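The next block holds one structure in the form of structure tokens; read it before the comments.
To find a chain, count down the sequence lines: A is the first, B the second, and so on, and within it residues start at 1. Since the model is a prediction, treat every value here as computed from it, not as a measurement.
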Number of protein chains: 2
Amino acid sequence: MAGTDQLSAVFSALADPTRRAIIAELAERDATVTELTAPLSISMPAVSRHLKVLQRAALISRSRSGKWRASHLEAAPLREAADWIERYRRFWDSSLTRLDAHLAAMRTAGPAPDRTVDDPRGLA
Amino acid sequence: MAGTDQLSAVFSALADPTRRAIIAELAERDATVTELTAPLSISMPAVSRHLKVLQRAALISRSRSGKWRASHLEAAPLREAADWIERYRRFWDSSLTRLDAHLAAMRTAGPAPDRTVDDPRGLA
DNA sequence: CCTTCACTTAACCTAGCGGTTAAGTGAAGG
DNA sequence: CCTTCACTTAACCGCTAGGTTAAGTGAAGG
């Protein structure tokens, strides 16, 4: 899963299209494993393990009612993921491109550091 | 990487904290492999491969200038990732919770489907 | 009860990740 | 030239992911 931190777990969970499909489904309504398996063309054990991954990332909760186990979307962790990505919005949002260019210019401004062949970016 | 689609590649790339750190660094300024390696306490080959992953996800571009290879953040793919997550904002954004509850009620409304022990969620 | 249903767990597979060290490449420079 | 610098590629490692089939679990029900 790469890191063991929350954010890594969430991004890792989202990296699988099957799990994204499960999330999309659970956004509509809670569902049992059988219901989730039906449209997925993989075995129920496979789905069961995807659910475990989503649960470890705290993206779903599960409840038992008789022989059925329903999965319920818990989207709170998505907020952290969204927040992380949002920090870079200025890099793709065209309405902020001008500002970004300005800020980049600000960063590059100042004493105009010496740039040599050995130090092409003036970091020395 | 789970899927080979663009979105999976991006989320997969973001799932590693080292790669997120690299992105954070490149958001400040373009950087060479050596510069990126310095604060990371892993070997340069390891960083080199992280960069390849980021490049496959189209999150960075690379240019050559003499013996230096600079990496440059290309955040466009982050937009897709952000857009995907945004679809679920109503599940965590409290200002939308009331609306969400309303929509859920709408979905559940109607002929009030029969619910039996065999069909606890009235899907039959 | 014994079976069926709805799962979960186990065992196994192949493929890929992330790290290492060591060897290869290609431009710069004394 | 030959070396050094800044990487990249190769070979190898242990670990995890995602799939399978088969066996286990536990509540419902004739």
For [N] and [X] - does any side-chain N or O of the residue sit under 4.0 Å from the phosphate oxygens OP1/OP2?
X	N	value
A:His50	D:dG19	yes
A:Arg62	C:dC7	no
A:Arg56	D:dA17	yes
B:Thr32	D:dC7	yes

[options]: which one has an atom nearest the side-chain heavy atoms of [X]?
X	options	value
B:Ile42	C:dG19, D:dA6, D:dT8	C:dG19
A:Val53	D:dT8, D:dG18, C:dC7	D:dG18
B:Lys67	D:dC7, D:dC5, D:dG19	D:dC5
B:Thr34	D:dG26, D:dG19, D:dC7	D:dC7

inquiry  = Once you apply a heavy-atom cut-off of 4.0 Å, does A:Ser43 come out as touching a base, just sugar-phosphate, or nothing?
reply    =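 Since a base atom lies under 4.0 Å of A:Ser43, the category is base.
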
inquiry  = Tell me the interatomic distance from B:Trp68, atom CH2, to C:dG29, atom C1', rounded to whole angstroms.
reply    = 11 Å

task = Please report, rounded to the nearest Å, how far the P atom of C:dC17 is from the CZ atom of B:Phe11.
result = 18 Å

message = With a 4.5 Å cut-off on side-chain heavy atoms, are A:Glu35 and A:Val47 touching?
response =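 No, every pair of side-chain atoms sits at 4.5 Å or beyond.
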
Please give me the minimum heavy-atom distance between [X] and [Y], naming the atom from each residue.
X	Y	result
B:Trp68	B:Thr32	CD1-CG2, 3.9 Å
A:Thr37	A:Ile42	CG2-O, 3.4 Å
A:Tyr88	B:Ala27	CE2-CB, 3.5 Å
A:Trp92	B:Ala76	CB-CA, 4.1 Å
A:Pro77	A:Gln6	CB-NE2, 3.6 Å

query = With respect to A:Leu51, which candidate in A:Arg56, A:Arg19, A:Arg62 satisfies the side-chain contact (heavy atoms from CB on, under 4.5 Å) definition?
reply = A:Arg62

query = Is a salt bridge present between B:Asp30 and B:Arg69, judged by a nitrogen-to-oxygen distance below 4.0 Å?
reply = no

ask   = Which stems does DNA chain C form, counting runs of 3 or more consecutive Watson-Crick or G-U wobble pairs with both distances under 3.5 Å?
value =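 So the stems come out as C:1-30 with D:1-30.
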
Atom pairs, protein N/O to nucleotides 9-14 of chain C N/O, distance under 3.5 Å:
residue : atom : partner : partner atom : Å
C:dT9   : OP2  : A:Lys52 : NZ           : 2.7

message = Using modelled atom types and a 3.5 Å cut-off, is there a donor and acceptor pairing between side-chain atoms of A:Ser8 and backbone atoms of B:Ala15?
response = yes

